Amino acid sequence: MTLTIALSKGRIFEETLPLLAAAGISPAEDPESSRKLIIGTNHPDVRLVIVRASDVPTYVQYGAADLGIAGRDVLIEHGGAGLYQPLDLNIAKCRMMVAVAGEYDYEAAVKKGARLQVATKYPQIAREHFARKGVHVDIIKLYGSMELAPLVGLADAIVDLVSTGGTLRANNLVAVEHILDISSRLVVNQAALKLKYDSIQPVLDAFARAVTA
Ligand code: ATP
Ligand code: MG
């Protein structure tokens, strides 16, 4: 039975390679240099499909992939329907933060009950965060480069992933609130886990051992 694993290029692919190796799986090609979207492995019955990071849960939910690896950010925005999430892989770690322009007084705006314009790629996480704080917001959905929004008057604040803080600093932004710690998780199609248990369980076990090692 063929096992299909959905991965995104870049940091998730790179940080997943050691986990795949622990499960005895090595990709036949490098997705960074290959234009192929389906990549074989040393196992004739294991293949990788290369998709956009935010599309991984969708491929797994519908069973087009049996397994996938996706960030907690992506999984919250997706909602998790149809997905079993057995393992935090502790890779691609970063933090979801609220950030504003250096000269913007966020505390004062919140204190006086101002309605904030918030630009983000993560509307679900942003909405929940500000609802919990009791702050009224208009969410402005963006698909990239959130850092620009406060600089050109599109938004008062952004909700974005931060790892080193270098991009914020380079654009005179400051992080004012930590929302969530983010890492990537293994996701499994719930039906596939039952139907392909014998091929999936060894991969889960190998990943789990590699994560704790
Ligand atoms: P795309 O680049 O297709 O718009 P993306 O930016 O979400 O999507 P990646 O940059 O590959 O895709 O990020 C994949 C996952 O890695 C994210 O969902 C998040 O969980 C995590 N991540 C994002 N940025 C960082 C970062 N700076 N450091 C560590 N992990 C990160
Ligand atoms: Mg990115």
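In each ligand, atom 1 is the first atom listed, and ligand 1 is the first ligand listed. Predicted model, so just to flag it, every value in this text is computed and none were measured.
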Q: Check the side chains of Asp138 and Gln117 for a donor-acceptor pair under 3.5 angstrom, ignoring hydrogens and angles.
A: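 Judged by distance alone, the side chains do pair up.
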Q: Taking all non-hydrogen atoms of both residues into account, name the closest pair between Met97 and Val162 and its distance.
A: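 Looking at all heavy atoms of both residues, the closest pair is CG-CG2, 3.5 Å.
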Q: Could you list the residues that satisfy salt bridge (charged side-chain N to carboxylate O under 4.0 Å, His left out) with Lys196, not counting sequence neighbours?
A: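 Listed in chain order: Asp66.
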Q: Do Val60 and Ile50 belong together in a cluster built from hydrophobic side chains that touch within less than 4.5 Å?
A: no
Q: Are Leu7 and Ile91 in one and the same hydrophobic cluster, where Ile, Leu, Val, Met, Phe, Trp and Tyr link if side-chain heavy atoms are under 4.5 Å apart?
A: yes
Q: Quick check: is Leu161 connected to Val74 through a chain of hydrophobic side chains (ILVMFWY, heavy atoms under 4.5 Å apart)?
A: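 No; tracing contacts between hydrophobic side chains, which count when under 4.5 Å, never links both residues.
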Q: Ligand 1: which residues have a non-hydrogen atom closer than 4.0 Å?
A: Lys9, Arg11, Ile12, Arg52, Ala53, Gly71, Asp73, Val74, Ala92, Lys93, Cys94, Lys121, Leu161, Ser163, Ile182
